[in-house]
Amino acid sequence: MNIEMQLKGILIAGVKELYGQEINKNQAQVQITRKDLTGDFTIVVFPLLKVSKKSPEDTANEIGAYIQQQEPAVANFNVVKGFLNLELAADYWLNLINDIVVQEKYGYKTADENSPLMMIEYSSPNTNKPLHLGHIRNNLLGYSLSRIAAANGNKVVKTNIVNDRGIHICKSMLAWKKWGEGVTPESSGKKGDHLVGDFYVKFDQEYKSEIDTIIKEKISEYPAIKDVDDFKKTFAALKSKKKTKEGLNDAENEQFKACEELSKYAENNAPLILETREMLRKWEAKDPEVYALWEMMNQWVYAGFDVSYKKLGVDFDKIYYESDTYTVGRDMVLGGLEKNLFYKREDGSVWANLEDKGLDEKLLLRKDGTSVYMTQDIGTAKLRFDDYSIDKMVYVVGNEQDYHFQVLALLLDKLGFKWGKDLVHFSYGMVELPHGKMKSREGTVVDADDLVDEMVNTARVMSKELGKLDGYSDEEAEAVFRMIALGALKYFILKVDPRKNMTFNPEESIDFNGNTGPFIQYTHARIQSIFRKAAEKGIEVADKAPTDVEIGEKENNLIRMIANFPNVVEEAGRVYSPAVIANFAYDLAKEYNQFYHDCPILFEEDENKRMMRLVLCKSVGKTIKNAMWLLGIDVPEKM
RNA sequence: GGUCUCGUAGCUCAGUUGGAUAGAGCAACAGCCUUCUAAGCUGUGGGUCGCAGGUUCGAAUCCUGCCGGGAUCACCA
């Protein structure tokens, strides 16, 4: 049990003894004392005044005296403005640090056979385009969450559901067939996912121009509109006006409907889309030629993704493919239909009615019996449940799908999955550019591979200028450059609250100084350097600090922060937030650098003090390393 | 329009179940390497916590209303 809980217990007992009343846990507030004040833990006495019926000062003094008497670790206390600040004895902290320094996995809980199994789904790419910055955020969050979950004593299965089928996949297939001239990743020297992505873009361009052609042909039927440009402008203007408070008047509304009709007609009758649909039908019928093409192009993409995943340093325990799960989902829905959980409309489509839950009706199977997105997620859930005894399911998916997961939770619950109702949609915010969302059509997408490569280059240039990797081989140095580059990128993404949208400015490169990953990595390298120097000088570094030594303010701050690490890990797990860990790591590194600047370590002449500081350095290094591991960030020995 | 979400320094972000004088970094300026790694440390300037009410010993934090941004409400995934 940690000291905070102990103090809380004593506080509750003390109030009972002094004032004869039970208080609840919310009234017993023990928090870490602000840095600028004397003390280690603070008890807020305001909530206790109703019970004590005394002034804040008197209450604080009485409780302070009681706690000091009950808990030998409390050496002293002071009262400021009704806040009771407790000061713990130096040897309490020194014993604590001696305890911490020998724990390799300090801050982590380990899972045993009875631990809950948490499955975490993340990444979940489409196989028609390469990964971009948005995917990076998803991957880094998912990977970090899996480590945080493991450190909180869960058994963890990392999983990925690959979106490998559907009309969008057929688009790039068709484009390759039409215009690819047999090009392959090998023949073009292009990464498979990028090559396929190019054909998806090509399809889009051609499709757009076909739509324009159709609109042009049909435009004579709409006398009010001159040409295609005019049509587009009018339509866009009406659309945005519709969104305003003013809305559309009757005439405009009619015009809007006409535009919409024409636009839909063109989209649905362009030859390319008709061909694509035909291709999807053939795929579902397992037409050998289409199926072979699909398999070939998907393999290209997977090879490309593997490279990107490796570059980012993420991996999975189990990968599912929607081409395997979508038929399972269909069966599940039909099963639910038999049990009257769902209903069928006259046209043959299957729906769930969620109006009693405050939501609307949701389509589960089209009238031709084919699956939609929701159906596939149900199927995937079934397969996962068959494969693992899942206690908790976490989906790392963007916040644009909040509604989808609200519905999915209800549907899975209806279908009898025990974790359905409590599934966690880890809903993270979008990565935006200074001018808004990334748009592939406008070429503003930040490619994942390019970004990582750029970062590695920057790290290499910077590192070489500083020249601190003497004695490293090219390979070793290259590994450090990569470590720093990824540290910068990962920390940049993970330090912000995952639920919030974040901004990335491609004009400004990601920093390596200040509140950054490299700053924290640097702090670790600095600490390791001390131990190398100690070895050179023949200074012994024990695993135990003497307990009769005085500790200064900076040292005390550091010990308190380290002592709090397990609480931070627990909180990060509870609220699903790597940012909590990132901010902790930064604060600790910052505090350490101040200490490093102010206090001699190897040069300290008092042997006891020197030993204590060395043990402290070791603990800080370990804690930084363990915190960064939870973010998926490695720390170097030198940089 | 319904639902959800966000709004903190010029910019990017912290700010625990409501707690003490709202903090970092970047950018700007001024300092610190003949002692352990200067990717560091110190200092200066920079705030109506979107606005207005309410709840109470106490509100950036909770409630209500408004303003502003974003998402979503598809037989797309």
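Labels below follow one simple rule: chain letters A, B, ... track the order of the sequence lines, proteins then strands, and each chain is numbered from 1. Note that this is a predicted model, so its numbers are computed, not measured.
Among the heavy atoms of the strands lying under 4.0 Å from Gln29(A) is at least one base atom, whether or not backbone atoms are also near. Nucleic acid contact class of Cys599(A) (heavy atoms, under 4.0 Å, all strands): base. Note on Ile530(A): only backbone sugar-phosphate atoms sit closer than 4.0 angstrom, heavy atoms only; bases stay farther off. Using a 4.0 Å heavy-atom distance criterion, Arg532(A) is classed as a base contact. Across all strands, Thr370(A) comes closer than 4.0 Å to no nucleic acid atom at all (heavy-atom distances). Within the nucleic acid shown, Pro56(A) has no heavy atom closer than 4.0 Å to any nucleic acid atom. Note on Asn85(A): a base of the nucleic acid sits closer than 4.0 angstrom, heavy atoms only. As judged by a 4.0 angstrom heavy-atom cut-off over every strand, Lys500(A) is placed among residues touching the sugar-phosphate backbone only. Within 4.0 Å of Glu637(A), counting heavy atoms only, lies at least one base atom of the nucleic acid. Using a 4.0 Å heavy-atom distance criterion, Pro434(A) is classed as making no nucleic acid contact. Nucleic acid contact class of Val496(A) (heavy atoms, under 4.0 Å, all strands): sugar-phosphate only.
Applying the salt bridge (Lys or Arg N to Asp or Glu O under 4.0 Å) test to every pair with at least one member in residues 495-509 of chain A, sequence neighbours left out, gives these pairs: Asp497(A)-Arg499(A).
Residue His435(A) contributes atom NE2, which lies 14 Å from atom P of rC11(B) at whole-angstrom precision. Atoms CG (Leu466(A)) and P (rG40(B)) sit 10 Å apart, rounded to a whole Å. The separation between Leu49(A) atom CG and rG19(B) atom P is 17 Å, rounded to whole Å. Rounding to whole angstrom units, CD of residue Gln521(A) and P of rA38(B) are separated by 17 Å. Between Arg499(A) atom CZ and rC4(B) atom P there is a gap of 16 Å when expressed in whole angstrom units. Spacing between atom NZ of Lys464(A) and atom P of rA39(B) amounts to 18 Å, rounded to whole angstrom units. Spacing between atom CG of Leu433(A) and atom P of rC11(B) amounts to 17 Å, rounded to whole angstrom units. Atom-to-atom, CD1 of Ile484(A) to P of rU37(B) comes out at 16 Å; the value is rounded to the nearest Å.
Rounded to whole Å, the P atom of rG40(B) lies 10 Å from the corresponding atom of rA27(B). Rounded to the nearest Å, the gap between the P atom of rC41(B) and that of rA22(B) is 24 Å. Rounded to a whole angstrom, the distance from the C1' atom of rG45(B) to that of rU55(B) is 38 Å. Atom P of rU61(B) sits at a distance of 35 Å from the matching atom of rA74(B), rounded to the whole Å. To the nearest whole angstrom, the two P atoms, one in rG65(B) and one in rG46(B), are 37 Å apart. Annotation: rU64(B) and rA71(B) have their P atoms spaced 24 Å apart (nearest Å). Taking atom C1' in both rA38(B) and rG31(B), the straight-line distance is 13 Å, to the nearest Å. As rounded to the nearest Å, rC63(B) and rG25(B) have C1' atoms that lie 34 Å from one another.
A salt bridge links Arg345(A) and Glu361(A); the closest N-O separation between the charged side-chain nitrogens and carboxylate oxygens is under 4.0 Å. Salt bridge Asp204(A)/Lys208(A): present, at least one basic N to carboxylate O contact under 4.0 Å. Between Lys367(A) and Glu346(A) no salt bridge is recorded (no basic side-chain N to carboxylate O distance below 4.0 Å). Using a 4.0 Å cut-off between charged side-chain N and carboxylate O, Arg574(A) and Glu570(A) make a salt bridge. Ionic pairing of Asp193(A) and Lys129(A) is not present here: no N-O contact between side-chain nitrogen and carboxylate oxygen is shorter than 4.0 angstrom.
Base pairing of rU72(B) is made with rG2(B), judged by Watson-Crick or G-U wobble geometry with both donor-acceptor distances under 3.5 Å. Judged by Watson-Crick or G-U wobble contacts below 3.5 Å, the nucleotide rA24(B) has rU12(B) as its partner. Using N1 to N3 plus N6-O4 or O6-N4 for Watson-Crick, or N1-O2 and O6-N3 for G-U wobble, each under 3.5 Å, rU55(B) pairs with nothing. rC32(B) is paired with rG40(B) under the criterion used here, namely a Watson-Crick or G-U wobble arrangement in which both key atom distances are under 3.5 Å.
Figure legend: Arg165(A) and Trp294(A) shown without cation-pi pairing, the cationic atom not lying both under 6.0 angstrom from the six-membered ring centre and within 45 degrees of its axis.
Residue-to-nucleotide proximity on RNA chain B shows that, of Lys537(A) and Val44(A), the 5′-proximal contact is made by Val44(A). Where Asn515(A) and Met462(A) each meet RNA chain B at their nearest nucleotide, the meeting point lying more 5' is that of Asn515(A).
Contact annotation: Lys590(A) side-chain N/O to rC41(B) OP1/OP2 distance is under 4.0 Å. When the side-chain nitrogen and oxygen atoms of Thr503(A) are compared with OP1 and OP2 of rC13(B), one or more of them lie within a distance under 4.0 Å. Contact annotation: Lys81(A) does not reach the phosphate of rG58(B) (side-chain N/O to OP1 or OP2, under 4.0 Å). Between Lys35(A) and rG23(B), a side-chain N or O to OP1/OP2 separation shorter than 4.0 Å is absent. Distances shown here put a side-chain N or O of Gln594(A) below 4.0 Å from the OP1 or OP2 atom of rU42(B). Put simply, Lys495(A) has no side-chain N or O that comes within less than 4.0 Å of OP1 or OP2 on rA24(B). Using a 4.0 Å cut-off, some side-chain N or O of Arg526(A) falls inside it from OP1 or OP2 of rA38(B).
Between the side chain of Ser463(A) and the base of rA39(B), a donor-acceptor pair under 3.5 Å is found. Taking 3.5 Å as the limit, the base of rA20(B) and the side chain of Thr42(A) contain a donor-acceptor pair of atoms between them.
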Task: Nucleotide-resolved protein contact map, nucleotides 70-77 of chain B, B/S/- at heavy-atom distance under 4.0 Å - done: SSSS-BSB
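Annotation: Tyr586(A) is in aromatic contact with Phe519(A) [ring centroid separation under 6.0 Å].
Of the candidates Lys554(A), Lys35(A), Arg560(A), Glu591(A) forms a side chain to side chain donor-acceptor pair (under 3.5 Å) with just one, namely Lys35(A).
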TODO: Begin from the C-alpha positions of Tyr428(A) and Asn399(A) and carry the test side-chain hydrogen bond (donor to acceptor under 3.5 Å, both in side chains) through to its verdict.
DONE: CA-CA 5 Å; Tyr428(A) 65 91; Asn399(A) 63 15; over 6 Å; no
TODO: For side-chain hydrogen bond (donor to acceptor under 3.5 Å, both in side chains), just list the numbers for Asn85(A) and Arg34(A), CA-CA rounded to whole Å, side-chain angles, deciding distance to a tenth of an Å, and then say yes or no.
DONE: CA-CA 10 Å; Asn85(A) 301 316; Arg34(A) 282 171 50 136; over 6 Å; no
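In this structure, Tyr586(A) forms no aromatic stack with the base of rA24(B), since the conditions of centre separation below 5.5 Å and plane angle below 30° are not both met. Remark: ring of Phe46(A) not stacked against base of rG58(B); the cut-offs of centroid gap under 5.5 Å and plane tilt under 30° are not jointly satisfied.
A glycosidic torsion no more than 90° from 0 defines the syn conformation; rC67(B) lies beyond that range and is anti.
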